[in-house]
S.K.: 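Submitted below is the structure of interest, expressed as structure tokens.
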2 protein chains.
Amino acid sequence: MYRTHTCGELRIDNTGTGTTLAGWVQKVRNLGAMTFIDLRDRYGITQLVVDENTPAEVRAATAGLGREYVIQATGTVRERSSKNPKIPTGDIEVAVSALTVLNRSEVPPFTIEEHSDGGDDLRMKYRYLDLRRPPLQRNILLRHRMAQSARRFLDGEGFLEIETPFLIRSTPEGARDFVVPSRMNPGEFYALPQSPQTFKQLLMVSGYDRYFQIVRCFRDEDLRADRQPEFTQIDCEMSFVEQEDVLEIFERFAKYLFRETLGIEFGSAFPRMPWSEAMARYGSDKPDIRFGMEINDLSDRARGRGFAVFDSAEYVGGIVATGCAGYTRKQIDELTEFVKRPQVGAKGLVWIRLAEDGSVKSSIDKFFPAEELLAWAAACGAAAGDLLLLLAGNRMKTLAALNVLRLEMGDRLGLRDPGKFAPLWVVDFPLLEWDEETKRFYAMHHPFTSPKPEDIPLFDTDPAKIRANAYDFVVNGTEVGGGSIRIFDSGLQSRLFETLGFSHEDAEKQFGFLMNAFKYGAPPHGGIAFGFDRFCSLFGGADSIRDFIAFPKNNAGRDVMVDAPAPIADTQLDELALRVAVPEQ
Amino acid sequence: MYRTHTCGELRIDNTGTGTTLAGWVQKVRNLGAMTFIDLRDRYGITQLVVDENTPAEVRAATAGLGREYVIQATGTVRERSSKNPKIPTGDIEVAVSALTVLNRSEVPPFTIEEHSDGGDDLRMKYRYLDLRRPPLQRNILLRHRMAQSARRFLDGEGFLEIETPFLIRSTPEGARDFVVPSRMNPGEFYALPQSPQTFKQLLMVSGYDRYFQIVRCFRDEDLRADRQPEFTQIDCEMSFVEQEDVLEIFERFAKYLFRETLGIEFGSAFPRMPWSEAMARYGSDKPDIRFGMEINDLSDRARGRGFAVFDSAEYVGGIVATGCAGYTRKQIDELTEFVKRPQVGAKGLVWIRLAEDGSVKSSIDKFFPAEELLAWAAACGAAAGDLLLLLAGNRMKTLAALNVLRLEMGDRLGLRDPGKFAPLWVVDFPLLEWDEETKRFYAMHHPFTSPKPEDIPLFDTDPAKIRANAYDFVVNGTEVGGGSIRIFDSGLQSRLFETLGFSHEDAEKQFGFLMNAFKYGAPPHGGIAFGFDRFCSLFGGADSIRDFIAFPKNNAGRDVMVDAPAPIADTQLDELALRVAVPEQ
């Protein structure tokens with residue numbers, strides 16, 4: 001071993017003892033008679049001292065040190081004359097008696113400090129250097145601790161970790177698969193799993209009644225910011241359970257993670273909210289309930305009064321921005337532009353200012369008398385000094401826009417503290433989603449999700465109203481997990497496939513082996529999967545998942561460090577019986 | 001929850017309590033007045049009883065039950081009149097008061113019992129049914145326990161579990177990569193990792209001084225029996241360590257696994273054996289040291305005495321099959337055929353029988369007097385009643401053949417008890433392997449393996465003699481793990497690349513990003529990787545890894561259950577800018 005202690009370990013109690021440290025040179029301060037070296041490893045920084053009493057060869061070696069050199073230093077721990085209360089080792093220093101340069105370093109392309117001077121692209125290219133920075137080291141450590149805690153909990157609850165295959169069969173439904181050409185079977189391809197869904201259901205058929213896996217999944221989607229082509233799930237499935245059982249266990253799971261990893265204790269049960277309520281109150285199936293500012297349905301009050309914008313709208317709704325009556329014209333114009341962006345898609349923004357003196361001013365005061373507007377404000381729970389922001393149009397689209405506006409106002413008003421956590425179960429999702437374009441229903445979760453038994457008659461009358469035994473785990477406006485109770489009755493499954501417009505042959509072709517397995521005694525079962533990258537970033541109080549993945553891809557799906565993907569040799573293509581046929585541009 | 005207890009849980013102490021069980025019907029025995037149902041889940045089997053006191057509707061439901069039906073049964077625990085000491089629940093039965101058929105089952109294609117009547121292919125196709133059988137359930141449970149124990153130990157030793165990417169860059173050296181076409185970058189490919197080797201070394205450069213991962217790896221090799229295109233490694237790496245540190249920690253790791261998983265305690269240190277000694281004594285770099293029967297070098301005694309077969313041989317060696325002097329002509333002919341198979345490759349087998357009466361009989365007694373043969377036997381430690389088996393030829397090939405013969409004799413004599421474990425470190429591997437065909441050296445482990453410092457001068461004189469800081473963990477003749485101390489000095493690395501015949505450009509092209517990373521302060525580091533599938537099968541006392549993988553591929557790399565690989569749609573190929581070009585047969 002090249003060291004006796006780490007660079008984060010020595011304290012005032014160690015004074016007088018000999019030590020050997022190894023690590024990276026963070027900084028060298030040459031004060032003439034004395035030279036201080038900050039030696040760093042992932043455990044901390046320890047100050048080394050070289051002075052006139054230090055052997056000459058050590059002094060010579062010290063003179064040649066540069067940033068990020070890897071050195072081994074032996075010496076004696078002594079109390080510092082000038083202590084540094086900011087670091088745990090700040091009371092001591094090591095008087096060096098021997099020093100070996102284990103490896104030199106070129107000058108790194110950016111500073112390896114809490115805040116680096118390197119840009120995003122440069123830090124991605126030199127990811128192995130960026131990973132030396134304390135914020136990334138904290139993230140990677142957090143991820144490690146979360147993974148160990150998650151497994152400890154699940155193991156303790158009798159879940160078995162069972163590995164499922166990565167080289168599987170492509171299914172045309174759903175997102176695009178990454179495929180893997182098979183050399184041994186020319187012209188044939190494996191697919192990389194988008195999730196272990198079918199395999200975990202097969203494991204239930206096999207009688208492994210509690211399964212979990214922390215597993216990589218793959219999705220070949222057009223990348224958006226903060227999407228990764230490979231991502232990690234905590235994937236779980238249970239047999240002989242109903243929805244309540246799954247929620248009970250995984251609420252304890254989440255509480256365990258909060259306690260073990262962050263030291264946060266949740267005494268009471270996580271709130272549960274039906275999907276329809278979440279949509280009505282927050283305009284989102286993943287509401288951020290750290291703050292109120294709920295959406296108020298003003299349709300009945302606002303429509304039919306002769307204001308064409310409202311009259312022609314299916315829905316009018318608004319939120320109350322507390323204390324924002326003083327917003328300037330410019331600020332309101334900004335908000336108007338914000339909601340009119342294509343990503344939000346509102347036609348315009350209606351505002352009502354409730355001045356401190358009780359007067360009211362609004363962009364629609366030509367159309368509605370002040371008393372009416374005051375009545376609306378009262379209905380929304382607004383008070384003097386508040387600002388009402390209203391949107392109108394198609395109900396679901398307007399609710400979605402109000403959600404975005406609400407989150408924006410939450411950010412502006414500092415109501416979304418990343419150190420505060422507000423978990424929530426969203427339940428009773430619709431089973432089906434109607435797609436206007438293709439004029440067919442799609443499964444909102446996946447085609448094995450079980451409807452609520454009491455809603456089964458709706459298959460005949462109003463399938464869109466069928467609620468599913470499906471649930472999402474939402475924290476701070478982020479969907480961290482989701483799952484469902486699965487259909488295990490083949491008759492019901494056929495009925496759902498029918499409603500989804502699958503012919504018997506289609507269903508057989510796509511899900512044949514699972515359907516076949518279900519003929520041999522499938523137990524009732526259900527499960528949940530958590531997005532582990534997202535879970536980590538949430539716990540780390542960060543927005544981006546990228547800083548919680550050791551070696552992420554960039555937004556073009558490229559690993560710029562290893563330069564992948566890349567062309568392969570023609571001989572490799574020949575072996576795979578493939579030709580590249582890039583179309584002319 | 002559909003149950004209050006599992007089918008392996010109820011005992012005599014539960015007599016009189018109400019219970020609800022859910023599981024699969026293993027067997028129905030209708031004795032007229034009484035019907036017994038064996039109900040099975042992964043925890044065990046509990047006997048249900050239906051008799052004249054049982055409600056009529058339950059009796060009716062019972063009559064319709066078939067094998068593998070999934071049922072829920074409620075009733076009262078009572079003591080059995082006829083106990084079954086073979087199962088833990090054998091003292092009790094459950095008198096059923098309510099029974100629900102949760103799901104029916106078609107008649108399964110083979111019996112779901114300890115020993116199935118299904119053939120290999122059928123059981124692979126219906127893997128989800130085969131996985132219901134107790135032996136597979138034990139294997140999957142063992143694998144789970146080993147994984148949890150492995151992580152618990154490594155976490156406790158300060159190793160961080162860090163996930164490395166699956167979509168990486170293809171490297172032409174080594175085994176074939178599986179590749180993944182990139183839709184977003186037409187004509188370019190990712191590769192699936194054969195191991196996280198380069199990434200774990202980058203993590204050392206990044207300062208994560210103790211890393212581990214239980215991780216899937218991929219190798220597109222022509223499959224041999226019991227090889228899988230995807231396999232799992234316990235992958236570990238450490239910084240600021242020397243070989244002794246790695247061996248110390250991972251010997252404790254292995255002992256921990258033996259203790260936690262099998263309850264086996266190893267008091268003393270695992271033996272260590274230099275590679276050259278392993279080859280000389282066992283003809284193998286992974287000797288099975290559960291039994292002796294070591295190889296004896298008889299070259300000096302046997303050559304130069306006028307027997308052409310020996311005289312022309314570089315090496316003559318033999319093993320002693322204790323107590324086998326009575327082997328018949330037929331048995332010896334069988335062994336001769338065995339060693340002459342192409343896989344073993346010996347030209348013939350020489351035998352010397354030491355009869356109980358002290359006389360000697362041999363296939364070469366025309367060429368050597370009895371006294372001489374007796375002297376050989378004495379030199380080999382053989383006694384009256386033993387059989388000597390000799391092979392001759394090229395030294396390394398003959399040693400390899402003697403290894404195979406030794407293992408065969410070990411099997412025949414029952415010396416290879418799968419319940420007995422003999423771990424061993426094989427150390428001091430050669431750094432380089434000369435390939436006659438391409439007339440160049442190859443790295444025996446990989447091109448970052450560090451030579452022993454004292455052997456570095458041999459680069460100039462006799463590179464084949466350089467020993468590496470490389471080590472294998474061997475148990476019962478199986479290589480379970482292997483690793484090395486890595487080169488972290490760029491001068492030494494260049495020298496090794498030169499010896500391997502890499503031009504600077506080649507090295508740059510293949511390992512550029514790692515070489516580049518090493519310029520910025522690479523610490524001394526080394527590691528080890530264990531074949532987890534193999535580790536599990538070893539602990540399970542089985543030869544095949546396939547039964548320790550939930551969903552394995554067959555020997556043609558095919559998943560016959562999901563039928564993968566398979567052709568993909570033309571539209572999918574178009575999106576990937578690929579054409580299939582299967583050559584004419």
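These numbers were taken from a predicted model, which means no experiment stands behind them. Just so it is clear: chains get the letters A, B, ... in the order the sequence lines come, proteins before strands, and each one is counted from 1. Keep in mind that the numbers below use all heavy atoms, side chains included, and drop hydrogens, waters and symmetry copies.
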S.K.: Would you check if the side chain of His144(A) reaches a backbone N or O of Glu161(B) as a donor-acceptor pair within less than 3.5 Å?
M.R.: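 It does hold such a pair.
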S.K.: Does any N or O in the side chain of Glu188(B) come within less than 3.5 Å of the main-chain N or O of Ala564(A), such that one atom is a donor and the other an acceptor?
M.R.: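 Side chain of Glu188(B) to backbone of Ala564(A): no pair is present.
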S.K.: Any side-chain to backbone donor/acceptor pair from Gln137(A) onto Ser206(B)? Under 3.5 Å, distance only.
M.R.: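 Pair found, side chain donor or acceptor close to backbone of Ser206(B).
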S.K.: Please state whether the side chain, the backbone, both or neither of Phe551(B) comes within less than 4.5 Å of a heavy atom of chain A.
M.R.: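 For Phe551(B), the contact with chain A is made by backbone and side chain together.
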S.K.: Is it the backbone or the side chain of Phe159(B) that comes under 4.5 Å from a heavy atom of chain A, or both, or neither?
M.R.: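 Only the backbone of Phe159(B) comes within 4.5 Å of chain A.
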S.K.: What heavy-atom pair brings Val70(B) and Phe240(A) nearest, and what distance separates the two atoms?
M.R.: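 It is CG1-CE2, 3.8 Å.
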S.K.: What part of Lys553(B) lies closer than 4.5 angstrom to a heavy atom of chain A: side chain, backbone, both or neither?
M.R.: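 When you check distances to chain A, only side chain atoms of Lys553(B) fall under 4.5 Å.
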S.K.: Identify the two heavy atoms, one from Val562(B) and one from Arg169(A), that lie closest to each other, and give their separation to 0.1 Å.
M.R.: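 Heavy atoms only, the tightest pair is O-CD, 2.9 Å.
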S.K.: Measure Met184(A) against the heavy atoms of chain B and call it side chain, backbone, both or neither at under 4.5 Å.
M.R.: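 Only the side chain of Met184(A) comes within 4.5 Å of chain B.
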S.K.: For Asn103(A) and Phe488(B), indicate whether the former's side chain and the latter's backbone hold a donor-acceptor pair under 3.5 Å.
M.R.: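 Yes, because the side chain of Asn103(A) sits within donor-acceptor range (under 3.5 Å) of the backbone of Phe488(B).
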S.K.: Distance only, no hydrogens: is a donor on one side chain within 3.5 Å (strictly under) of an acceptor on the other, for Tyr43(A) and Asp209(B)?
M.R.: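 There is such a pair (donor and acceptor under 3.5 Å, judged by atom type) between the side chains of Tyr43(A) and Asp209(B).
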S.K.: Which atoms of Arg42(B) come close to chain A, meaning under 4.5 Å heavy atom to heavy atom: side chain ones, backbone ones, both, or neither?
M.R.: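 Contact with chain A is through both the backbone and side chain of Arg42(B).
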S.K.: How are the rings of Tyr128(B) and Tyr520(A) set relative to one another: parallel (under 30°), tilted (30 to 60°) or perpendicular (over 60°)?
M.R.: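 It falls in the tilted class, 30° to 60°.
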S.K.: For Thr4(A), what residues pass the side-chain contact (heavy atoms from CB on, under 4.5 Å) criterion, not counting sequence neighbours?
M.R.: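 Applying side-chain contact (heavy atoms from CB on, under 4.5 Å) to Thr4(A) gives Thr19(A), Thr20(A).
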S.K.: Go through the atoms of Gln213(A) and report whether side chain, backbone, both or neither lie under 4.5 Å from a heavy atom of chain B.
M.R.: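 Side chain only.
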S.K.: Contact part of Pro165(B) toward chain A, heavy-atom cut-off under 4.5 Å: side chain, backbone, both or neither?
M.R.: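 Both the backbone and the side chain of Pro165(B) come within 4.5 Å of chain A.
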